[in-house]
2 protein chains.
Amino acid sequence: MYGFNAVTLDKKGRLLIPARYRDDLQLQKHNKIVITKDPQYSSLKVYASSEWEHISKKLESLQGLDPIVRNLQWTILGNAYECHLDVYGRMLLRIPTDLQIYSEIQNQKQIALVGMGNKFEIWNIKNWEMRQTGGPLSTEILDVVLPESIKSMSF
Amino acid sequence: MYGFNAVTLDKKGRLLIPARYRDDLQLQKHNKIVITKDPQYSSLKVYASSEWEHISKKLESLQGLDPIVRNLQWTILGNAYECHLDVYGRMLLRIPTDLQIYSEIQNQKQIALVGMGNKFEIWNIKNWEMRQTGGPLSTEILDVVLPESIKSMSF
DNA sequence: ACAGAATCCGGCTTACAAACCAACTCACTT
DNA sequence: AAGTGAGTTGGTTTGTAAGCCGGATTCTGT
């Protein structure tokens with residue numbers, strides 16, 4: 001499940017997950033997904049439940065004395081919410097208000113869905129476009145030195 | 001499959017790939033190809049699905065907290081689209097509008113196809129010619145220090 | 001506690017775009 | 001020169017998504 005998709009919220013605030021994403025998420029079994037904050041950018045990350053199991057277990061197992069690790073745990077685990085899809089693959093945007101504010105999508109009609117393989121991301125569409133036009137390799141300044149324990153992790 | 005080919009983009013945004021490219025991509029298994037942005041230049045890259053599997057898995061597994069890695073993931077994974085061959089085995093690619101804009105091929109009749117062995121690239125024909133003659137491109141490589149994890153990768 | 005109101009949620013419909021298919025042309029081969 | 005395969009184009013079909021509607025459920029105020 002890759003690629004960008006602009007998605008509209010209906011009047012009820014529901015978000016339809018495009019069919020090609022749905023199929024790849026293996027949502028047949030339980031229509032359950034987990035949505036949480038991106039620890040670095042103003043966006044949200046959405047995982048199929050199986051993928052979430054994997055990530056959360058790994059995060060939990062990290063030793064919690066390192067302040068960077070604690071911050072990651074707080075951000076990712078502490079802001080994770082389960083969502084369910086209806087039979088048409090619609091997700092009611094009952095994303096908690098603080099997550100909506102965090103990702104700057106409150107009251108936005110158009111939202112960007114970006115498939116990244118094992119997950120997808122939700123962006124304010126303007127922010128996503130700015131990322132795209134800002135130059136493919138433009139860097140953000142990462143002012144912390146990552147501890148070894150999370151060097152091998154991908155979220 | 002190497003070398004340059006001039007090809008036309010039809011009114012529906014479709015691009016017919018000459019048979020010799022198709023034959024060399026080893027598409028026997030799944031008639032599936034992936035088209036995505038080139039992270040460094042205003043051009044597009046087309047991979048056979050087997051090659052794509054390899055690249056995407058590797059990219060997904062990289063340290064997702066490094067901003068350069070994330071930019072690469074966004075550009076390559078977040079803009080990847082699947083295409084299929086038609087029933088007669090012809091490669092008629094529908095290029096998404098945003099990719100047409102990125103590669104500056106929108107409303108261009110003549111497009112450059114450049115075979116690069118296990119993949120091929122799609123260029124605005126003027127940009128390709130300028131590349132050949134050393135002229136300026138609208139997008140230049142950004143001077144960043146690549147993390148070790150992607151130094152050994154080829155896209 | 002009950003009635004009215006507001007919100008929630010599933011189903012249905014319609015419009016549209018993408019995938020499919022068929023027909024025609026061109027070029028190359030034998 | 002005729003036949004075959006490749007390239008081109010446009011029409012048709014089908015699947016998807018977005019809006020709409022109405023029943024259900026929860027909430028609120030009296």
Side-chain angles (χ1 to χ4, degrees), chain A residues 1-28 30-33 35 46 81-97 100 105-115 120 122 125, chain B residues 1 3-28 30-36 44 46 49 79-101 105-115 120 122 125:
Chain A
M1 166 200 52
Y2 299 95
F4 163 85
N5 232 310
V7 162
T8 66
L9 298 181
D10 69 15
K11 284 173 186 168
K12 308 279 173 63
R14 291 179 297 189
L15 181 67
L16 183 75
I17 309 291
R20 65 196 186 90
Y21 289 76
R22 244 182 289 151
D23 300 339
D24 285 3
L25 269 180
Q26 295 140 353
L27 292 174
Q28 309 80 312
H30 7 274
N31 291 340
K32 215 172 67 181
I33 54 181
I35 183 166
V46 180
Y81 296 88
E82 264 189 16
C83 294
H84 296 263
L85 304 186
D86 74 11
V87 284
Y88 294 91
R90 291 181 298 198
M91 176 172 72
L92 192 71
L93 194 65
R94 205 201 302 283
I95 298 172
T97 314
Q100 289 187 40
I105 60 171
Q106 345 100 281
N107 307 320
Q108 299 290 311
K109 193 156 180 285
Q110 289 285 94
I111 289 180
L113 280 192
V114 187
F120 63 85
I122 294 179
I125 205 161
Chain B
M1 164 203 55
F4 165 88
N5 243 75
V7 156
T8 66
L9 187 68
D10 74 16
K11 294 167 200 161
K12 288 185 175 182
R14 294 177 299 186
L15 201 60
L16 182 79
I17 309 302
R20 65 191 191 88
Y21 286 77
R22 177 187 66 214
D23 298 338
D24 285 2
L25 270 182
Q26 295 150 352
L27 291 174
Q28 305 85 325
H30 329 91
N31 291 339
K32 217 172 68 181
I33 51 186
V34 174
I35 181 166
T36 189
L44 305 177
V46 179
S49 57
N79 289 290
Y81 296 87
E82 264 187 17
C83 300
H84 296 265
L85 304 189
D86 77 7
V87 281
Y88 302 107
R90 288 179 292 205
M91 223 189 218
L92 198 59
L93 303 187
R94 206 194 115 265
I95 316 283
T97 312
D98 52 335
L99 294 197
Q100 288 185 39
I101 294 170
I105 61 172
Q106 215 183 18
N107 306 319
Q108 301 288 312
K109 279 172 297 181
Q110 291 291 90
I111 307 290
L113 279 193
V114 186
F120 62 86
I122 296 174
I125 209 160

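Just so it is clear: chains get the letters A, B, ... in the order the sequence lines come, proteins before strands, and each one is counted from 1.
One atom, CG of B:L92, and another, P of C:dA19, lie 11 Å apart when rounded to the nearest Å. For B:L85 and C:dC21, the CG to P distance is 14 Å, given to the nearest whole Å. Nucleotide C:dA18 holds its C1' atom 13 Å from the CG atom of B:D10, rounded to whole Å. The distance between atom CD1 of B:I95 and atom C1' of C:dA19, rounded to the nearest whole Å, is 15 Å. Residue B:M91 contributes atom CE, which lies 15 Å from atom P of C:dA19 at whole-angstrom precision. Rounded to a whole Å, the CZ atom of A:R14 is 15 Å from the P atom of C:dT7. Straight-line distance from the CZ atom of B:R94 to the P atom of C:dA19: 6 Å, rounded to whole Å. Atom-to-atom, CG of A:N5 to P of C:dA18 comes out at 10 Å; the value is rounded to the nearest Å.
Of all the heavy atoms in A:Y21 and A:N5, the pair that sits closest is CE1-ND2, 3.4 Å. The two residues B:Q100 and B:G13 make their nearest non-hydrogen contact at NE2-CA, 3.9 Å. Across all their heavy atoms, B:E82 and B:V34 have their closest contact at CG-CG2, 4.3 Å.
Taking 4.0 Å as the cutoff to heavy atoms of chain B, we find the contact window on DNA chain D bounded by D:dG7 to D:dG11.
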Legend entry - Reading 5' to 3' through nucleotides 23-30 of chain C, protein heavy-atom contacts under 4.0 Å coded B for base, S for sugar-phosphate only, - for none: B-------
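For A:A19, the side chain to side chain contact (heavy atoms under 4.5 Å, CB included) partners at least two apart in sequence or on another chain are A:R22. For the salt bridge (Lys or Arg N to Asp or Glu O under 4.0 Å) test, no residue two or more places apart in sequence or in another chain qualifies with B:R94. B:L99 is linked by a side chain to side chain contact (heavy atoms under 4.5 Å, CB included) to B:I35, B:K37, B:L44, B:N79, B:Y81, B:I95, B:P96, counting only residues two or more places apart in sequence or in another chain. When the side-chain hydrogen bond (donor to acceptor under 3.5 Å, both in side chains) test is applied to A:R14, the partners found at least two apart in sequence or on another chain are A:D10. For A:L9, the side chain to side chain contact (heavy atoms under 4.5 Å, CB included) partners are A:L15, A:L93, A:I111, not counting sequence neighbours. Residues meeting the salt bridge (Lys or Arg N to Asp or Glu O under 4.0 Å) test with A:R20, sequence neighbours left out: none.
Using a 4.0 Å heavy-atom cutoff across all strands shown, B:K11 reaches sugar-phosphate atoms only and no base atom.
Heavy-atom distances to DNA chain D give each of B:I17 and A:K109 a nearest nucleotide, and the one nearer the 5′ end belongs to B:I17.
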